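Let me begin by presenting the structure, written as structure tokens, before commenting on it.
All of these numbers come straight from a predicted model, not from anything done at the bench. Note that these values count all heavy atoms, side chains included, but never hydrogens, waters or copies made by symmetry.
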Amino acid sequence: MADDDQPKQCRRSRTGGASAGPVYFLGGIGAAVYFFHQVTTFWGGVLAILKAFVWPALLVYQAMHALHM
């Protein structure tokens, strides 16, 4: 059955929701560069990569902690 044969209410929208991906990716790259500037050892580099992946969660946690007072 072709997409044109389906009733209008059954069609899925294929737009929207994908615009945050590139922004998040660039934020992760920026965080990795920021954390790598502080690295002096191999394990510091590993820690910098981990921090680059979890910085949004840490940001939200600190924001909620600051708002709770």
Side-chain angles (χ1 to χ4, degrees):
M1 183 183 248
D3 285 338
D4 294 337
D5 296 339
Q6 292 181 357
K8 196 172 200 173
Q9 65 270 16
C10 292
R11 292 184 185 171
R12 288 188 178 187
S13 174
R14 291 184 172 94
T15 60
S19 61
V23 174
Y24 185 79
F25 178 74
L26 288 176
I29 295 295
V33 169
Y34 173 78
F35 290 126
F36 269 117
H37 279 287
Q38 303 170 3
V39 171
T40 58
T41 64
F42 171 77
W43 291 110
V46 172
L47 185 61
I49 292 170
L50 292 174
K51 284 181 180 181
F53 280 124
V54 299
W55 72 268
L58 296 174
L59 179 70
V60 170
Y61 175 78
Q62 291 295 329
M64 292 298 151
H65 184 70
L67 290 174
H68 182 11
M69 293 187 201

Straight-line distance of Leu47 CG to Lys51 NZ, nearest 0.5 Å: 4.5 Å

Taking only distance into account, with no hydrogens and no angle test, what donor-acceptor pairs under 3.5 Å do side-chain atoms of residues 34-45 form with protein atoms, sequence neighbours excluded?
residue : atom : partner : partner atom : Å
Tyr34   : OH   : Gln38   : NE2          : 3.4
Thr41   : OG1  : Gly44   : N            : 3.1

Where Ala52 and Gly28 come nearest, the two heavy atoms and their spacing: CB-O, 4.0 Å

